[in-house]
Amino acid sequence: EIFLDRFLENAIEVDVDAICDGEDVWIGGIMQHVEEAGIHSGDSACVLPPHSLGGEMLDEIRRATRDIALALGTVGLINVQYGVLGDDLYVIEANPRASRTVPFVSKATGLPLAKLACRVMLGERLADLGLPEEGGWTHVNHVSVKEAVMPFDRFSGADALLGPEMRSTGEVMGVAADFPAAFAKAQAAAGARLPSEGTVFLTVTDSDKAAVVGIAAQLHDLGFQIVATRGTAAAISRMGIPVERIHKLGEGSPNVVELIERGDVDLLINTPTGTEARSDGYEIRRAAVARGVPCITTVSSGMAAARAISGNRVDGPPVVSLQELHRNGSATPA
């Protein structure tokens with residue numbers, strides 16, 4: 001027998017943490033992943049509240065989570081992972097237990113999910129706990145971003161390409177009044193501080209070329225110099241965006257590895273497909289990790305990075321403690 005697992009191309013992954021007492025379900029947080037579905041959830045950045053899901057889809061996610069939790073007879077915490085593709089909602093997996101996102105949701109909302117779940121498991125009812133009616137994440141006036149900390153700079157020769165196998169060794173959290181500022185904070189905390197100026201290198205697979213044009217346009221408007229390999233450069237230049245074309249690794253000099261090793265690249269966006277592209281991509285990402293150049297391997301993360309750089313240009317985000325955050329209900333100091 002052969003089991004075929006369907007892959008959802010360009011789907012948005014969503015994580016939900018909820019508590020069930022066997023009769024009622026309370027949703028603590030709905031988190032939207034920055035990376036598309038297919039990247040291990042432990043390696044994906046995620047945003048709370050979700051920044052691009054509509055009200056109807058959020059209602060469907062709530063209903064599905066309640067139905068799944070009750071059908072499983074859950075008493076305590078449950079984590080459900082979904083894929084959103086267009087108007088369709090797919091269930092990836094449901095785990096009737098605590099997940100790695102519970103501490104993040106608790107800090108983002110100020111509500112101790114693990115403690116609440118323990119009280120439910122000891123016999124208390126959700127209705128008696130005085131919880132916010134629609135869940136912990138609906139009453140906050142700030143945006144929280146969880147980012148994974150990767151060990152690539154600790155291991156010589158490690159590939160920075162993300163995939164279905166978890167590679168992260170830790171997590172950090174960025175909080176701000178909006179998504180771009182929170183994402184920039186999380187990147188800095190994870191050791192991949194985004195540049196405010198300089199040169200960005202772009203090389204993406206054919207299916208990502210339409211999306212990368214928008215990233216290139218935004219970075220060009222911010223004053224970045226754009227460098228790309230032949231195919232990506234052609235797509236960018238067709239839209240009237242200035243771009244310097246450089247060789248692939250097997251085509252001679254100048255190539256991107258030489259630029260990185262000279263310190264002439266400040267940001268790298270690389271989404272490879274195919275044997276040759278993956279081989280080149282490995283060398284490119286290895287050089288970036290060695291030089292401490294932020295290395296982005298998905299288009300969705302590239303878009304978030306461009307928005308974060310733009311947002312940081314206007315006004316640097318304030319530093320706010322969790323105590324201030326939950327006292328004021330906002331990421332802006334009182």
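These figures come from a predicted structure and were not determined experimentally. In what follows, every heavy atom counts, from backbone to side chain, and hydrogens, waters and symmetry copies are set aside.
- No path of Ile, Leu, Val, Met, Phe, Trp and Tyr side chains, each step under 4.5 Å between heavy atoms, connects V149 with V47, placing them in separate hydrophobic clusters.
- Closest approach of A306 and I215 over heavy atoms only: CB-CG2, 4.4 Å.
- With hydrogens and angles ignored, the 3.5 Å screen pairs a side-chain donor or acceptor of N79 with a backbone N or O of V16.
- At least one side-chain heavy atom of E124 sits under 4.5 Å from a side-chain heavy atom of R119.
- To the nearest 0.5 angstrom, R307 atom CZ is 10.0 Å from F183 atom CZ.
- If you check the side chains of T203 and N270, you find no donor sitting under 3.5 Å from an acceptor.
- Note that the CZ atom of R291 and the CZ atom of R262 stand 10.5 Å from one another [nearest 0.5 Å].
- Here I226 contributes atom CD1 and T199 contributes atom OG1; the two are 8.5 Å apart, rounded to the nearest 0.5 Å.
- Remark: side-chain polar atoms of E324 are paired, donor with acceptor, to backbone N or O of S321 under 3.5 angstrom.
- Shown here for A211 and V299, the closest heavy-atom pair between the two residues is CB-CG1, 3.5 Å.
- A salt bridge is absent between D128 and R125: the closest approach of a Lys/Arg side-chain nitrogen to an acidic carboxylate oxygen does not fall below 4.0 angstrom.
- Counting only residues at least two apart or in different chains, salt bridge (Lys or Arg N to Asp or Glu O under 4.0 Å) contacts with residues 76-103 are absent.
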List the steps, then state whether side chain to side chain contact (heavy atoms under 4.5 Å, CB included) holds for I309 with L267. CA-CA 11 Å; I309 292 170; L267 177 64; 4.2 Å; yes
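- Interatomic distance, I12 CD1 to Y82 OH, rounded to the nearest 0.5 Å: 15.5 Å.
- For the residue pair S44 / E13, no side-chain donor-acceptor distance below 3.5 Å is found, with atom types taken as modelled.
- For the pair P294 and R193, the tightest heavy-atom approach, listed with the atom from each and the gap, is CG-O, 3.4 Å.
- Between V145 and K185, every side-chain heavy-atom pair lies at or beyond the 4.5 Å cut-off.
- In this structure, the side chains of L58 and P49 stay at 4.5 Å or more apart for every pair of heavy atoms.
- V172 is not connected to F104 by any chain of hydrophobic side-chain contacts under 4.5 Å among Ile, Leu, Val, Met, Phe, Trp and Tyr, and they are in different clusters.
- When only modelled atom types and interatomic distance are considered, D15 and S99 share no side-chain donor-acceptor pair under 3.5 Å.
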Given side chain to side chain contact (heavy atoms under 4.5 Å, CB included), test I19 with I78 step by step and report yes or no. CA-CA 6 Å; I19 302 174; I78 183 171; over 6 Å; no
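- Shown here for G198 and D266, the closest heavy-atom pair between the two residues is CA-OD2, 3.1 Å.
- Taking every heavy atom of both residues into account, A233 and A228 meet most closely at N-CB, 3.7 Å.
- For E244, the salt bridge (charged side-chain N to carboxylate O under 4.0 Å, His left out) criterion is met by no residue, not counting sequence neighbours.
- S106 contributes no side-chain N or O that, together with a main-chain N or O of P112, makes up a donor-acceptor pair within less than 3.5 Å.
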Evaluate I296 against L268 for side chain to side chain contact (heavy atoms under 4.5 Å, CB included), listing each step before the verdict. CA-CA 6 Å; I296 295 172; L268 177 79; over 6 Å; no
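- Counting heavy atoms from C-beta on, the side chains of D221 and L219 never come closer than 4.5 Å.
- For E258 (side chain) and N255 (main-chain N/O), a donor-acceptor pair under 3.5 Å exists by modelled atom type.
- For H220, there are no ring pair (Phe, Tyr, Trp, His ring centres under 6.0 Å) partners two or more places apart in sequence or in a different chain.
- Counting heavy atoms from C-beta outward, L70 and V25 have side chains that approach closer than 4.5 Å.
- Side-chain heavy atoms closer than 4.5 Å link hydrophobic residues (I, L, V, M, F, W, Y) into clusters, and following such links, possibly through other members, connects L322 to M31.
- Here the side chain of Q32 pairs a donor or acceptor atom with the backbone of S52 at under 3.5 angstrom.
- Between the side chain of T232 and the backbone N or O of V204 there is at least one donor-acceptor pair closer than 3.5 Å.
- The shortest side-chain heavy-atom distance between V120 and V75 falls under the 4.5 Å cut-off.
- Taking OG of S144 as the start and CZ of F179 as the end, the distance is 12.0 Å to the nearest 0.5 Å.
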Do D208 and T271 pass the side-chain hydrogen bond (donor to acceptor under 3.5 Å, both in side chains) test, and can you show the C-alpha distance, the side-chain angles, and the key distance before you say yes or no? CA-CA 8 Å; D208 292 335; T271 68; 2.8 Å; yes
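- With contacts defined as side-chain heavy-atom distances shorter than 4.5 Å, the pair V256/V227 does not qualify.
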Worked verdict on R230 versus R245 for side chain to side chain contact (heavy atoms under 4.5 Å, CB included): CA-CA 6 Å; R230 182 176 61 251; R245 175 187 157 188; 3.5 Å; yes
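- Under a 3.5 Å cut-off, the side chain of H51 and the backbone N or O of V34 do not form any donor-acceptor pair.
- No continuous path of ILVMFWY side-chain contacts below 4.5 Å connects I92 to L77, so the two sit in separate hydrophobic clusters.
- For NZ of K107, the number of neighbouring non-hydrogen atoms (other residues, nucleotides, ligands) closer than 6.0 Å is 12 at most.
- We find the OG1-CH2 distance between T65 and W26 to be 13.0 Å, quoted to the nearest 0.5 Å.
- Considering only heavy atoms from C-beta on, V14 comes within 4.5 Å of I30 through its side chain.
- Scanning all heavy atoms of the two residues, the minimum distance from V213 to A235 falls at CG2-O, 3.6 Å.
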